[in-house]
Amino acid sequence: MKLNSLPLMSRLVKKSPSVCTDLPLSSSDVCNKLHLMKEFLRSSYGPTARLKQVHNNIGGSVVTSSTSCVLLQAIASSQPIISLIRSSILNHVSRFSDCGLFAAVFCLCLLEQAGQCGLRKNVMIKVNKHLLALCTGYLQQEDCGCKVKLDFCSSHSLITLARSVISSKPTCVLTEPESDHISRLAVQAFLLTVPCNIPDPVRLGRTVTITIEGHSVLKSAVFPGLLLSMPENLCFESLCSPLHVVLFSISLAGDLSEIGDGRIEMHQGVDADSQILDRLLELGKQVLKDGVKLFLCQRVIHPVLQHYLRCNGVIVIERLGVSLMEPLIQLTGAQPVATLHATIPSTVFGKVHNVCIRQFGSKTMLHLHPAGETAVCSMILCHRNETMLNELKLVCRTTEHVLRLTLREPFALFGGGCTETHLAAYVRHKSKNEVSESTSVLGCSQTEYVLAAEAFCRSLELVASSLEHDGGTSLIDLTHAHHWTLPSDVTEEHLEGVMAPCACGVVESCQNKTRSYLDTKYAEFSPAPLLTASPLQATVLDSFTAKVNALGVAVETANLVLDVRYVIQDVN
């Protein structure tokens, strides 16, 4: 018999050489993609932003959002420069949760302005670093004109900060009363996770979020303690408090999961299942003897053990999952048991004050009340559909992180673009007055320095104007350098008689103030401080810590891209 065989090489494709791109920012294709990314993210920025639906062209689910972490994770590009920017912004968001779109838009504006001014890349990089240091130094000053100190004696400023974060995500589709309600809940949950008696080291608590679809947002609530999904047909009589708790982190299903891949040797005729079940029942007898009334397990519990415990008045809950283990440890004080083949010491037991049943829509929850002071709470989030609910859950997590950042640095920045316009005016004034000293240090001409500084300030102003999506015009007052918006259906002459606050709400009226359009040149000036007898009450605030870091990430990422000489890409 003769076999016909095909040559092996017929199935192979010759490997293509890597593609090397020289000066990628000089490529029109790269610049067009960067411009498209900038416009895509600009239109997603702010409370009146346009929602985005992202869908992979090879299939998959449709993602609807206006949040930077969701959008940047959903989009993909074969262009390494865009992947570099995307990774840098996502890294910032993973650490600070907020100001991702600000960092992305500012970075892309810097790159576009650098291309338009036509300066040498090394000059742009040095000037950008210098101006970044100027901005961060100013923001850290006590007399900074766009920074306010948060007063923890009142929840007003915290609620304003929380509302600013929540209202900037239009995918949540919240009315004003709903936005106020969620803002108050976010602050309440944050305060419940801050321990009253400060331990050493300081350890913040946890907020466990439970989502319920199909109900009004106004039905959302926060409860001290922990809410757990309750098993069906669970009923119990009133129990004496406190209740002793045992918590297992291993499977109690009788499957020997704790042994792993080890080898088991058994004597002939021994029934392994009955041996394990006997051990489980011995475990049940021990916890009953120790007075346990709440039996919790991260994984599965054998049905026979469940039945035995419940018949003896013990509340049994299984399949808790790994995410609830840490909150349960903090709430109850119990130490998770990781074996069933040893006697349980009394030191691992925890306790709760009492338990009760709560009904939320179609969900029945078991509410564990802490026996003492604890920093664990549960947040019930309701919304009308799944997309809005998922976005609301993400936004509440971001808000909690932003509020926690205030414990490290109790400050906030004016929102609504006022910080950007204020910084632009400050940098423009400082760079003009210190041009001789700066150029001697940076090693560039005065013309190059002025052009680079103007590109930096123009990028900040473009970020502020990106908040307007309805055809309006952005203005800056030439006194305090705050941001104002002129609606598309209102002329500037008509605005003269209207008492309109600035975008952050601090400057009450723009009457008798000289203004200029942000897209036009105006005479440089030093922004005047806001001198008031009472503390400033802004209606829109940005996270100080997150925004300062985002400012640095945007400039450093833009400088990194400007410094790229070659891009070598494997196309196989």
Which is it for Leu226 and His367 under the side-chain contact (heavy atoms from CB on, under 4.5 Å) test, yes or no, and what are the steps along the way? CA-CA 6 Å; Leu226 202 56; His367 188 184; 6.0 Å; no
Let's go through Asp290 and Gln286 carefully: what are the C-alpha distance in whole Å and the side-chain angles of both, what is the deciding distance for side-chain contact (heavy atoms from CB on, under 4.5 Å) to 0.1 Å, and is it a yes or a no? CA-CA 6 Å; Asp290 291 329; Gln286 182 195 344; 3.6 Å; yes
Could you go through Glu282 and Arg279, starting from their C-alpha distance and side-chain angles, then the distance that decides it, and tell me whether this counts as salt bridge (Lys or Arg N to Asp or Glu O under 4.0 Å)? CA-CA 5 Å; Glu282 289 177 13; Arg279 176 58 200 145; 3.3 Å; yes
Is there a side-chain contact (heavy atoms from CB on, under 4.5 Å) between Arg299 and Leu252 once you walk through the steps? CA-CA 7 Å; Arg299 302 182 188 178; Leu252 298 179; over 6 Å; no
Mind running side-chain hydrogen bond (donor to acceptor under 3.5 Å, both in side chains) on Gln53 and Thr64 for me, showing each step along the way? CA-CA 4 Å; Gln53 286 190 322; Thr64 303; 3.3 Å; yes
Verdict with supporting geometry, Arg384 and Glu178, salt bridge (Lys or Arg N to Asp or Glu O under 4.0 Å): CA-CA 12 Å; Arg384 294 176 283 276; Glu178 290 173 343; 3.1 Å; yes
Apply side-chain contact (heavy atoms from CB on, under 4.5 Å) to Cys396 and Met379, showing your working. CA-CA 10 Å; Cys396 286; Met379 175 181 280; 4.2 Å; yes
Assess whether side-chain hydrogen bond (donor to acceptor under 3.5 Å, both in side chains) is satisfied between Ser65 and Glu391, documenting all intermediate values. CA-CA 7 Å; Ser65 182; Glu391 188 84 352; 3.0 Å; yes
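When every heavy atom of Thr211 is checked against every heavy atom of Lys363, the shortest pair comes out as O-NZ, 2.7 Å. Residues Val314 and Leu294 come closest through the heavy atom pair CG1-N, 4.2 Å. Considering all non-hydrogen atoms of both residues, Thr545 and Arg408 come closest at CG2-NH1, 4.1 Å. Val187 approaches Ala162 most closely through the heavy-atom pair CG2-CB, 4.0 Å. What you find for Ala221 and Leu185 is that their closest heavy atoms are N-CD1, 3.7 Å. For Ala538 against Thr160, the heavy-atom pair with the smallest separation is O-CG2, 3.3 Å.
Side-chain atoms of His383 come within 3.5 Å of backbone N or O of Cys172 as a donor-acceptor pair. Using modelled atom types, no side-chain atom of Glu318 and backbone atom of Leu296 make a donor-acceptor pair closer than 3.5 Å. A donor-acceptor pair under 3.5 Å is formed between the side chain of His469 and the backbone N or O of Tyr45. In this structure, the side chain of Ser164 engages the main chain of Leu541 through a donor-acceptor pair within 3.5 Å. A donor-acceptor contact shorter than 3.5 Å links the side chain of Ser378 to the backbone of Gly225. A side-chain donor-acceptor contact under 3.5 Å links His92 to the backbone of Asp98. Using a distance-only test at 3.5 Å, with no hydrogens or angles considered, a donor-acceptor pair links the side chain of Ser168 to the main chain of Val165. In this structure, the side chain of Ser543 engages the main chain of Ala546 through a donor-acceptor pair within 3.5 Å. Looking at Thr364, its side chain never comes within 3.5 Å of a backbone N or O of Gln359 through a donor-acceptor pair. Within the 3.5 Å criterion, the main-chain N or O of Val553 finds a donor-acceptor partner in the side chain of Thr557.
We find the CG-OG1 distance between Leu204 and Thr193 to be 6.0 Å, quoted to the nearest 0.5 Å. Between the CG atom in Leu368 and the CG atom in Leu328 there is a gap of 7.0 Å [rounded to 0.5 Å]. Note that the CG atom of Leu283 and the CD1 atom of Ile276 stand 13.0 Å from one another [nearest 0.5 Å]. A distance of 11.5 Å separates CD1 of Ile315 from CG of Leu309, quoted to the nearest 0.5 Å. Note that the CD atom of Gln79 and the OG atom of Ser77 stand 6.0 Å from one another [nearest 0.5 Å]. Between atom CE of residue Met365 and atom CD1 of residue Ile380 there is a gap of 5.5 Å, rounded to the nearest 0.5 Å.
Considering only heavy atoms from C-beta on, Leu41 comes within 4.5 Å of Met37 through its side chain. By the 4.5 Å heavy-atom criterion applied to side chains, Pro170 and Leu51 are counted as neighbours. Looking at heavy atoms from C-beta onward, Phe152 lies in side-chain contact with Leu407 at the 4.5 angstrom threshold. A 4.5 Å side-chain heavy-atom check between Leu132 and Leu551 finds at least one atom pair inside the cut-off. Thr209 has its side chain out of reach of Arg397: every pair of non-hydrogen atoms, C-beta onward, lies at least 4.5 Å apart. By the 4.5 Å heavy-atom criterion applied to side chains, Val337 and Val246 are counted as neighbours. Under the 4.5 Å side-chain criterion, counting only non-hydrogen atoms from C-beta, Asn390 is not in contact with Val70. Residues Val217 and Cys382 have side chains not in contact (no heavy-atom distance under 4.5 Å, counting atoms from C-beta outward).
With sequence neighbours excluded, the residues forming a salt bridge (Lys or Arg N to Asp or Glu O under 4.0 Å) with Arg404 are Glu400, listed by chain and number. Under the rule for a salt bridge (Lys or Arg N to Asp or Glu O under 4.0 Å), Glu386 has no partner lying at least two apart in sequence or in another chain.
Of the residues Leu381, Ile166, Leu174, the one that meets the side-chain contact (heavy atoms from CB on, under 4.5 Å) test with Val395 is Ile166. Only one option out of Tyr308, Phe248, Phe349 pairs with Phe295 in a ring pair (Phe, Tyr, Trp, His ring centres under 6.0 Å); it is Phe248.
In the model, Lys52 has a side-chain atom that pairs as donor or acceptor with a side-chain atom of Ser43 under 3.5 Å. With hydrogens and angles left out, the side-chain atoms of Arg42 and Ser466 include a donor and acceptor closer than 3.5 Å.
Taking the six-membered ring where tryptophan is involved, the planes of Phe102 and Phe106 are essentially parallel, since the angle between them stays under 30° and well short of 60°.
Judged by the 6.0 Å and 45° rule, Lys147 forms no cation-pi pair with Phe414.
Ionic pairing of Glu409 and Lys149 is not present here: no N-O contact between side-chain nitrogen and carboxylate oxygen is shorter than 4.0 angstrom.
No more than 12 heavy atoms of other residues, nucleotides or ligands sit less than 6.0 Å from atom CD of Glu176. Around atom NZ of Lys351, no more than 12 heavy atoms belonging to other residues, nucleotides or ligands sit under 6.0 Å away. Counting heavy atoms of neighbouring residues, nucleotides and ligands inside a 6.0 Å radius, atom NE2 of His55 exceeds 12 of them.
Every pair tested for side-chain hydrogen bond (donor to acceptor under 3.5 Å, both in side chains) that includes a residue from residues 213-227 fails, sequence neighbours excluded, so the list is empty.
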